[in-house]
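Structure first, then comments.
We're numbering straight along the sequence, starting at 1. Values in this document were obtained by computation on a predicted structure and should not be read as measured data.
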Amino acid sequence: IKMETININGKEVKLYTIKNKNGMSAEVTNYGTKIIRLLVADKNGKLEDVVQGFDTLQENIDKEPYFGTTCGRFANRIKNGKFTLDGVEYTLAQNNGGNALHGGIEGFNAKVWEVIELSENSICMNYKSPDGEEGYPGTLDCCVTYTITDENELKIRYEAETDKPTVIGLTNHSYFNLKGAGNGTVRDHILQINADFHTVLDDTASPTGEIRPVDNSPFDFRQPVVIGDVIDAPEYVAGRGIDNNWTIRKNQPKELALAATLYEPVSGRKMDVLTTQPGVQIYTANWVEKQPGKYGKTYAEQDSVCLETQNFPNSPNIAHFPSSVLRPGERYEEWCVYKFSSK
């Protein structure tokens, strides 16, 4: 797989490995900036691949579109695929039950990015999204940098500039299982979310604008909760699982704050998720149906969990949500840190 190179529209797609001195490593492709493998030690120092993906580069291009990718130009849902900015209404592709999802029909996950910097522990990739792509205004010049630190962090830095007012919201869509991807359910994982509120969804899974306290509800993860204890609550997607956004508790906007902690007791692996963004979407792979994955393993629903740090879904349409507007002369910069340890 290391030697494999694929050409898409005259652009080279390759696989790159970044690592630290402790043996933690990630394999990344410049197709959709996908994280294909992420090897992390357990409490005994044994490395295991904790993200879902596929064995070959070609499969990672052809199969499940969001495994490990950057979602953009706007992650998650925009209601009815429409928003108004400076008095102009923009119409996007409706690719999710009437809503726009994860950037549209061919989002950032399906683009070939240019590798502009590469070192032993870091890779920076660039994509220039043309004005009008998928209905979004402005040419967006965008960079995503992955770095693995010697503190066993996978750091993700998002940067962007635009030549016209636009909306932007980037996230990483890795599917985690801290026992090792393909090693069964995440119902036994323990989740804590640093949030007092969540954004209420309508019947299309798009936020209504209501921000509701988590008190006395299945949305209360302020203390560690075994995912399986709440995942079947009717407030979630009935019979499927969790797919909701929480509002992260912060002292000030843009602070790099703890969003959530995921812990798996058997391996002892723990993942702290920090972000400068205001929200985190927890998604328990509700629609991954019997997908043959790496190492001969099969992935099913609730066999992994995404912790997508993000702006609130549908924020271009809800004035009191944190703004997703980027204007010429401004610089979009957000961080997500997946920090691994064991106990």
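Ion pairing between Arg37 and Asp55 holds under the 4.0 Å rule for side-chain N and carboxylate O. Of the charged side-chain nitrogens involved, at least one lies within less than 4.0 Å of a carboxylate oxygen, so that Glu106 and Lys111 count as a salt-bridged pair. Residues Asp229 and Arg187 are not paired through a salt bridge, judged by the lack of any N-O separation under 4.0 Å between the basic side chain and the carboxylate. Residues Glu89 and Lys82 are not paired through a salt bridge, judged by the lack of any N-O separation under 4.0 Å between the basic side chain and the carboxylate. Using a 4.0 Å cut-off between charged nitrogen and carboxylate oxygen, Asp196 and Arg249 count as a salt-bridge pair. Glu289 and Arg240 are joined by a salt bridge, as a carboxylate oxygen and a charged side-chain nitrogen come within less than 4.0 angstrom of each other.
As a member of the Ile/Leu/Val/Met/Phe/Trp/Tyr network built from side-chain separations under 4.5 Å, Ile211 groups with Phe197, Phe312, Ile318, Phe321. Hydrophobic clustering, defined by side-chain heavy atoms of Ile, Leu, Val, Met, Phe, Trp and Tyr closer than 4.5 Å, leaves Leu101 isolated from every other such residue. By the 4.5 Å side-chain criterion applied to Ile, Leu, Val, Met, Phe, Trp and Tyr, Leu258 is assigned to a cluster that also includes Leu256, Leu274, Trp335, Val337. In the hydrophobic clustering, where aliphatic and aromatic side chains (Ile, Leu, Val, Met, Phe, Trp, Tyr) are joined below 4.5 Å either directly or transitively, Val167 groups with Phe74, Ile78, Phe83, Leu85, Val88, Tyr90, Leu92, Tyr136, Val325.
Judged as a salt bridge (charged side-chain N to carboxylate O under 4.0 Å, His left out), and not counting sequence neighbours, the contacts of Asp86 are Arg327. By the salt bridge (charged side-chain N to carboxylate O under 4.0 Å, His left out) test, Arg77 pairs with Asp243, sequence neighbours left out. In this structure, the salt bridge (charged side-chain N to carboxylate O under 4.0 Å, His left out) partners of Lys254, at least two apart in sequence or on a different chain, are Glu334. Partners of Val186 according to the side-chain contact (heavy atoms from CB on, under 4.5 Å) rule, which considers only residues two or more places apart in sequence or in another chain, are Asn177, His189, Val305. Scored by the salt bridge (charged side-chain N to carboxylate O under 4.0 Å, His left out) test, Glu161 finds no partners at all (sequence neighbours excluded). In this structure, the side-chain contact (heavy atoms from CB on, under 4.5 Å) partners of Asn183, at least two apart in sequence or on a different chain, are Glu48, Lys179, Lys297. When the side-chain contact (heavy atoms from CB on, under 4.5 Å) test is applied to Asp215, the partners found at least two apart in sequence or on another chain are Pro213, Arg222.
A donor and an acceptor atom, one from each side chain of Asn286 and Gln302, are nowhere located under 3.5 Å apart. With 3.5 Å as the limit, one finds a donor-acceptor pair spanning the side chains of Asn76 and Gln281. A donor-acceptor pair shorter than 3.5 Å cannot be found between the side chains of Ser206 and Asn99. Between the side chains of Tyr295 and Asp49, at least one donor N or O lies within less than 3.5 Å of an accepting N or O. A donor-acceptor pair shorter than 3.5 Å can be found between the side chains of Tyr146 and Thr33.
In this structure, Tyr66 and His102 have perpendicular ring planes: the angle between them is above 60°, well past the 30° mark.
For residues 65-76, the set of pairs meeting the salt bridge (Lys or Arg N to Asp or Glu O under 4.0 Å) definition, not counting sequence neighbours, is empty.
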Next item on the list: Show your working on side chain to side chain donor-acceptor pair (under 3.5 Å) between Ser342 and Asp42 and close with a plain yes or no.
Entry: CA-CA 6 Å; Ser342 59; Asp42 69 3; over 6 Å; no
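Under the 4.5 Å side-chain criterion, counting only non-hydrogen atoms from C-beta, Met24 is in contact with Leu154.
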